[in-house]
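Worksheet: one structure, shown below.
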Amino acid sequence: MYISCSDTELLLFDRIAEAAGRLEAEVFVIGGFVRDKIIGRPTRDADIVCVGNAIELANAVAALYHPKPAVAFFKNFGTAHFKIPLNANNGEVLDVEFVGARKESYRASSRKPEVVPGTLEDDQNRRDFTINALAISLNKNNYGQLIDPFDGLRDLEEKRIHTPLEPLTTFSDDPLRMLRAIRFATQLGFQIDPQTFQAIVADAERIRIISQERITEEINKIIAAEKPSVGFDLLYKSGLLEIIFPKMTDLAGAEYIDGLGHKDNFYHTLQVLDNIAVHTNDLWLRWAAILHDIGKPATKKFEAGHGWTFHGHEVVGGRMVPKIFDSLKLPMNDKMRFVRKLVELHLRPISLTKENITDSAIRRLLFDAGEEIDSLMMLCEADITSKNKQKVKRYLENFEMVRERLLEVEEKDRIRNWQPPITGEMIMDIFGIGPSKKVGDLKNLIREAILEGEIENSFDAAYRFMLDKAAGMNLKPVEGKLGD
Ligand code: ATP
Ligand code: MG
């Protein structure tokens, strides 16, 4: 045996062997489960490949459990799966998926393979990488034997991503595999075999036939890895990034005029992404790191005697966020708005550290960032990528000071989830007017006066202030409303 399994898994395999014996079907556990067990990664799903009727086998195995788990199946694909509890205490389950062994044959005229039943060997041939083609027999005659036709075990030991067949064949059959190669290299810390990588470079264009959803799923898995920069660097060097996310490659490179250059914003972004990945697994905060400087290429200017500037890149970048989310088919919901907000605000804490930090500036930041203030501070710290140790130390100390001031002011003024004490409805009601510019103006004046500290944060103070300003706008309270 090459792997160590839990009692739940061993019992499962015994039952599969028993049912398969009765049905006279050959059966193997294959792919990600075997790979992850060998390298000691946690596994949540087990792929079972069966030379025979997989749906029938799945039902026969499920029937050996009490209570019998519900079997979901897809008749057209000949696949079935069910879940069994892995850990009764925390509700973890193992998803057991049964598929019939398949052979793929491609006709030049069609992108879609014709899938026909095949042997285990056929099935291993159509797997993406040698490390994903390992199978362990669950048959009585050779139970537990590893079937490894492509020396995947050695590639696992040597940490190598290598296609089982000639790489161009494997990739042209399903171009998504090019992204999977990079994703596995990133997740597992493996090297892509040079020949395999060259085939990705040569075949990169073919990624265009893959649906955006499948592409984005791989991008997100790369982002969720421990060191996501590895994947983006490979995507960039292979030419895939230019095709699947050109806005990000626009960040790459440094231009020089009069001997003055700027930093390479692509590699800066990758460093920020790795920095933030140390502190959070939150996918959307990691997306904010990827997009924080996305407005730089569009705002880049060379100012004589001064150097390169990117004025307003946070505003332009913020505006790009919905378009990028839409084109990548990422959700257009509060996750997108969260990322946009962080991109828009990512310079604010930095600019604070340069002046003396007034209460009003802190209140304003708290008001604008709201619930996102902690995420924003995390992004800003990750954004410090200077190689100058002194500079980094100074920035970090400044941020520490900003954090202290944020706590202090929040304690005192409670701005974080604050809404001004007088709403638009109240203004319309008091002055007997409909929705109009004046309502908005008054609302803004009140909010500004409180944030600036000109008036106290209370209803009475805001009410008096409003009456005063309204008088100058020819607005009078409706009779009887005064002093309500
Ligand atoms: P993870 O579950 O971490 O994404 P995995 O290797 O288990 O990794 P799955 O997508 O669950 O990946 O697929 C299970 C197995 O199916 C793989 O190990 C591989 O053998 C095979 N496989 C999946 N997708 C492909 C593909 N596009 N081309 C060839 N084989 C694939
Ligand atoms: Mg899997």
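First listed ligand is number 1; within each ligand, the first listed atom is number 1. Computed over heavy atoms, backbone and side chain alike; hydrogens, waters and symmetry mates excluded.
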Practice task
Could you tell me the residue and atom name of the protein heavy atom closest to atom 4 (O) of ligand 1, and the distance to it rounded to 0.1 Å?
Solution key: Arg183 NH1, 2.9 Å
Practice task
Please confirm whether Asp174 comes within less than 3.5 Å of ligand 1 when only nitrogen or oxygen atoms on both sides are compared.
Solution key: yes
Handout entry: Check: Met378 main-chain N/O paired with His279 side-chain donor or acceptor under 3.5 Å
Key = no
Exercise for the section: Specify the protein heavy atom at minimum distance from atom 20 (O) of ligand 1: its residue, its atom name, and the distance to 0.1 Å. Expected result: Asn132 O, 2.8 Å
Problem - ligand 1 contact on Glu217 by region, counting heavy-atom pairs under 4.0 Å - result: neither
Problem - Nitrogen or oxygen of Lys221 less than 3.5 angstrom from that of ligand 1 - result: yes
Problem - Element-labelled atoms of ligand 1 that are located less than 4.0 Å from some non-hydrogen atom of Arg126 - result: 29 (C), 30 (N)
Practice task
Anything under 30° is parallel, anything over 60° is perpendicular, the rest tilted; go ahead and classify His292 against His346.
Solution key: perpendicular
Fill in the blank from the handout: The protein heavy atom nearest to atom 28 (N) of ligand 1 is Arg177 NE, 2.6 Å
Problem - Donor-acceptor contact present, side-chain Asp174 to main-chain Leu176, <3.5 Å - result: yes
Practice task
Only pairs at least two apart or in different chains count here, so list each salt bridge (Lys or Arg N to Asp or Glu O under 4.0 Å) that has a residue in residues 369-379.
Solution key: Lys341-Glu372, Glu371-Arg416, Asp374-Arg416
Practice task
Kindly state whether the ring of Phe338 and the ring of Trp284 have centres lying under 6.0 angstrom apart.
Solution key: no
Practice task
Return yes when at least one protein heavy atom is under 4.0 Å from atom 24 (N) of ligand 1, and no when none is.
Solution key: yes
Practice task
May I ask you to check whether Phe82 and Phe98 place their ring centers less than 6.0 Å from one another?
Solution key: yes
Handout entry: Any donor-acceptor pair under 3.5 Å from Arg286 side chain to Thr280 backbone
Key = yes
Exercise for the section: Please state which part of Phe129 comes within less than 4.0 Å of ligand 1, counting heavy atoms only: side chain, backbone, both or neither. Expected result: neither
Practice task
Give the residue and atom name of whichever protein heavy atom lies nearest to atom 15 (C) of ligand 1, and the separation in Å to one decimal.
Solution key: Arg127 NH1, 3.6 Å
Handout entry: Centroid separation His268 to His262 less than 6.0 Å
Key = no
Handout entry: ligand 1 atoms in contact with Phe184 (distance to a heavy atom under 4.0 Å)
Key = 6 (O), 8 (O)
Practice task
Using a 4.0 Å heavy-atom threshold (strictly under), name the region of Asp128 that reaches ligand 1: side chain, backbone, both or neither.
Solution key: both
Completion exercise
for atom 14 (C) of ligand 1, nearest protein heavy atom and its distance come out as Asp47 OD2, 3.2 Å
Handout entry: Within 6.0 Å of CD in Gln212, more than 12 heavy atoms from elsewhere
Key = yes
Problem - Identified salt bridge (Lys or Arg N to Asp or Glu O under 4.0 Å) counterpart of Arg44 within the set Glu9, Glu97, Glu92 - result: Glu92
Handout entry: Mode of Leu176 contact toward ligand 1 - side chain, backbone, both, neither (heavy atoms, under 4.0 Å)
Key = neither
Completion exercise
For atom 18 (O) of ligand 1, the closest protein heavy atom turns out to be Gly32 N, 3.0 Å
Problem - Protein contact of atom 8 (O) of ligand 1 - nearest heavy atom, named by residue and atom, plus distance - result: Arg35 NH2, 3.4 Å
Practice task
If the plane angle is over 60° it's perpendicular, under 30° parallel, otherwise tilted; pick one for Trp418 and Phe367.
Solution key: perpendicular
Handout entry: For atom 12 (O) of ligand 1, closest protein heavy-atom neighbour
Key = Arg180 NH2, 3.4 Å
